[in-house]
Amino acid sequence: MPKSPSLFDFHLLLLFTIFSLAAADAIAAARPITQQFKEAPQFYNSEICPKIVGEDDESDNGTSIFLCSDQSVHVAMTLDSAYIRGSMAAVLSILQHSSCPQNIVFHFVASATANASFLRATISSSFPYLNFQIYSFDDSSVSRLISTSIRSALDCPLNYARSYLADLLPSCVRRIVYLDSDLVLVDDIAKLAATQLGDNSVLAAPEHCNANFTSYFTLTFWSSATLSLTFANRKPCYFNTGVMVIDLDRWRRGDYTKKIEEWMEIQKRTRIYELGSLPPFLLVFAGNIVAVDHRWNQHGLGGDNFKGLCRDLHPGPVSLLHWSGKGKPWVRLDANRPCPLDALWAPYDLLQTPFALDS
C-alpha cells in the first residue's frame with residue numbers, strides 16, 4: 001500500500017509551492033511588459049505652411065533633404081522603454097497643436113543597448129506618417145563620468161544624451177528644440193522653434209531668476225575661489241534643461257560637449273553638485289542664454305525629487321506642461337492616485353487598454 005504523506009511531507013510540499021510561486025513572480029517581474037499603443041490620427045499642414053523643397057529627394061550623401069531643411073521644425077527627444085508612454089503622448093500633443101505638423105522632424109536618441117527595432121516599430125505603428133530618425137547613443141561615452149545623484153533615475157546615461165546632440169545628429173541639422181519625455185504641448189511648437197538666439201547665444205530656455213541658484217551646488221563649490229569664479233561677470237539664473245532651443249552649429253564650433261564633460265570630470269574628483277545632468281549645463285550656460293517666456297515650461301508638475309507630491313501651475317499662461325520631478329502622470333493614473341493636473345496629460349495617452357484589446 002502506498003505510504004500516507006506525513007506532516008513533514010506536507011510542510012515540504014507547502015514550502016516547495018511557496019518557493020515556486022515566488023520564483024514565478026520574480027521571473028514575471030523581470031520580464032519586460034510589452035505596451036501596445038493606439039494609432040494616432042493623421043495631422044495635415046495648413047495652407048500657410050512652407051513647402052519643403054525637394055522633400056522626396058536625397059542629398060549626395062544619402063541624407064533626406066527634408067531631414068536637413070531649415071524650414072523643418074526639428075525636435076530632439078530621448079526614447080526608451082521606461083518612458084516611451086510619455087514620449088508617445090508628447091509627440092501626439094506636438095502634432096495636434098501644430099499648424100504645420102508635416103514639417104516637423106523628430107530626432108529620437110536611444111541607448112545603444114535598447115531594442116531599436118522595437119522602438120521604431122512602436123513609433124511607426126502609432127504614427128505611420130511621422131518624419132523621424134532614431135540615433136544610437138553609446139552609454140559608455142558618458143557612464144564613466146556620471147556621479148550618483150539624489151535620485152537614481154537621474155543617473156541614467158540617457159539623461160545625458162542632450163549634451164551629445166551636436167555629435168549624434170547630422171551636421172546639416174543646425175537648430176533643434178530639445179524636449180523631455182514627460183511633457184505635453186498645448187500650443188504650436190513652431191512658435192518656440194522660432195525663438196531668436198541673437199548673435200552669440202547657443203541656447204534659449206525659460207529662466208527662473210527667483211530660484212535659489214546657490215542651492216544647485218555644494219558648499220565645496222562655493223568655498224572654492226577657483227571654482228566659483230566660473231560665474232564671475234555673469235548673472236546666472238536657474239533654467240530647466242527639459243525644454244531648450246539649441247543652435248547646434250554654434251554648439252559644435254564652441255565644442256560645448258567637451259566643456260560639459262570637463263565639469264563632470266571635476267565632479268568625479270570633488271563633489272560640487274547633487275542633481276545629475278542639470279548642473280553641468282548651468283555651469284556652462286547660466287547667465288548666457290536667451291530667456292524664453294515661462295509659458296513654454298510650466299515645470300515641476302511631478303513634484304520634488306523625493307516624494308513627487310502634487311503641485312499646481314505657476315501663475316500665467318500655459319503653452320507646455322512639464323511633469324519634471326519624481327511623479328509621472330501615467331504612473332499616478334495607473335495607481336489610481338492621480339494629481340489634479342494629471343487629467344491634462346491623460347487625453348494624449350495612447351496606451352491601448354486591456355479592454356480595448358479584447359474588443
Passing option when K328 is tested against D182, D349, D334 for salt bridge (Lys or Arg N to Asp or Glu O under 4.0 Å):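 Single salt bridge (Lys or Arg N to Asp or Glu O under 4.0 Å) partner of K328 among D182, D349, D334: D182.
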Is [X] reaching over with its side chain to a backbone N or O of [Y], donor-acceptor style, under 3.5 angstrom?
X	Y	value
H322	G300	no
Q267	I272	yes
S98	I94	no
Q352	Q36	no
R311	C339	no
S87	L79	no
S72	I104	no
K326	F306	yes
S125	A121	no
E207	A205	no

Pairs flagged by salt bridge (charged side-chain N to carboxylate O under 4.0 Å, His left out) wherever residues 165-177 is involved - sequence neighbours left out: D70-R174, R174-D249
Search all heavy atoms of [X] against all heavy atoms of [Y] and return the closest pair with its distance.
X	Y	answer
M264	V142	CE-CG2, 3.8 Å
L165	I246	CD1-CD1, 4.5 Å
A110	L119	CB-CD1, 3.8 Å
R250	D199	NH2-O, 3.3 Å
L67	V173	O-CG2, 3.9 Å
I260	P280	CG2-CB, 3.7 Å

Verdict with reasoning, Y160 to F137, per ring pair (Phe, Tyr, Trp, His ring centres under 6.0 Å): CA-CA 10 Å; Y160 294 80; F137 177 58; 8.9 Å; no
Any non-hydrogen side-chain atom of [X] less than 4.5 Å from a side-chain atom of [Y]?
X	Y	value
P206	D293	no
L313	L321	yes
V184	W323	yes

Side-chain H-bond candidate by donor/acceptor type, W345 with S93, under 3.5 Å: no
Check: T226/S224 side-chain N/O donor and acceptor closer than 3.5 Å: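 Result is no, nothing qualifies.
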Connected-component partners of L197 among ILVMFWY, side-chain separation under 4.5 Å: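 V290, all in the cluster of L197.
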State the [atom1]-[atom2] distance between [X] and [Y], to the nearest 0.5 angstrom.
X	Y	atom1	atom2	value
S124	E39	OG	CD	11.0 Å
L248	R253	CG	CZ	11.0 Å
Y348	L95	OH	CG	11.5 Å
L92	L350	CG	CG	5.0 Å
L169	Y164	CG	OH	15.0 Å
L278	N159	CG	CG	11.0 Å

Looking at residues at least two apart in the chain, or sitting in another chain, which of them share a side-chain contact (heavy atoms from CB on, under 4.5 Å) with [X]?
X	result
L309	K307
N131	F66, V105
P50	Q71, C100, N103
S215	N212

Step-by-step ring pair (Phe, Tyr, Trp, His ring centres under 6.0 Å) determination, F106 to F127: CA-CA 11 Å; F106 288 87; F127 303 101; 7.8 Å; no
Mutual orientation of the aromatic rings belonging to H299 and H314 [parallel < 30°, tilted 30-60°, perpendicular > 60°]: tilted
Whether W251 and F281 hold their rings parallel, tilted or perpendicular, with breakpoints at 30° and 60°: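 Because their plane-to-plane angle lies in the 30° to 60° range, the rings of W251 and F281 count as tilted.
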For [X], ring pair (Phe, Tyr, Trp, His ring centres under 6.0 Å) partners two or more places apart:
X	value
W263	none
H107	H74, Y135
F37	none

Heavy atoms of other groups near R234 CZ, more than 12 under 6.0 Å: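 Enclosed.
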Distance-only check: which donor-acceptor pairs under 3.5 Å involve side-chain atoms of residues 236-245, not counting sequence neighbours?
{"unit_1": "Y238", "atom_1": "OH", "unit_2": "N240", "atom_2": "ND2", "d": "3.3"}
{"unit_1": "N240", "atom_1": "OD1", "unit_2": "G242", "atom_2": "N", "d": "2.8"}
{"unit_1": "N240", "atom_1": "OD1", "unit_2": "N297", "atom_2": "ND2", "d": "3.2"}
{"unit_1": "T241", "atom_1": "OG1", "unit_2": "R162", "atom_2": "NH1", "d": "2.9"}

Those residues that, when tested against R332, pass salt bridge (charged side-chain N to carboxylate O under 4.0 Å, His left out) (two or more places apart):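 By the salt bridge (charged side-chain N to carboxylate O under 4.0 Å, His left out) rule, R332 matches D342.
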Residue from D139, D80, D138, T78 passing side-chain hydrogen bond (donor to acceptor under 3.5 Å, both in side chains) with S111: D139
Summary of ring-ring contact (aromatic ring centres under 6.0 Å, His included) pairs that have at least one residue in residues 165-188, sequence neighbours excluded: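 Qualifying pairs, neighbours excluded: none.
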R295: which of D187, V318, V186 passes side-chain contact (heavy atoms from CB on, under 4.5 Å):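 The option that passes is D187.
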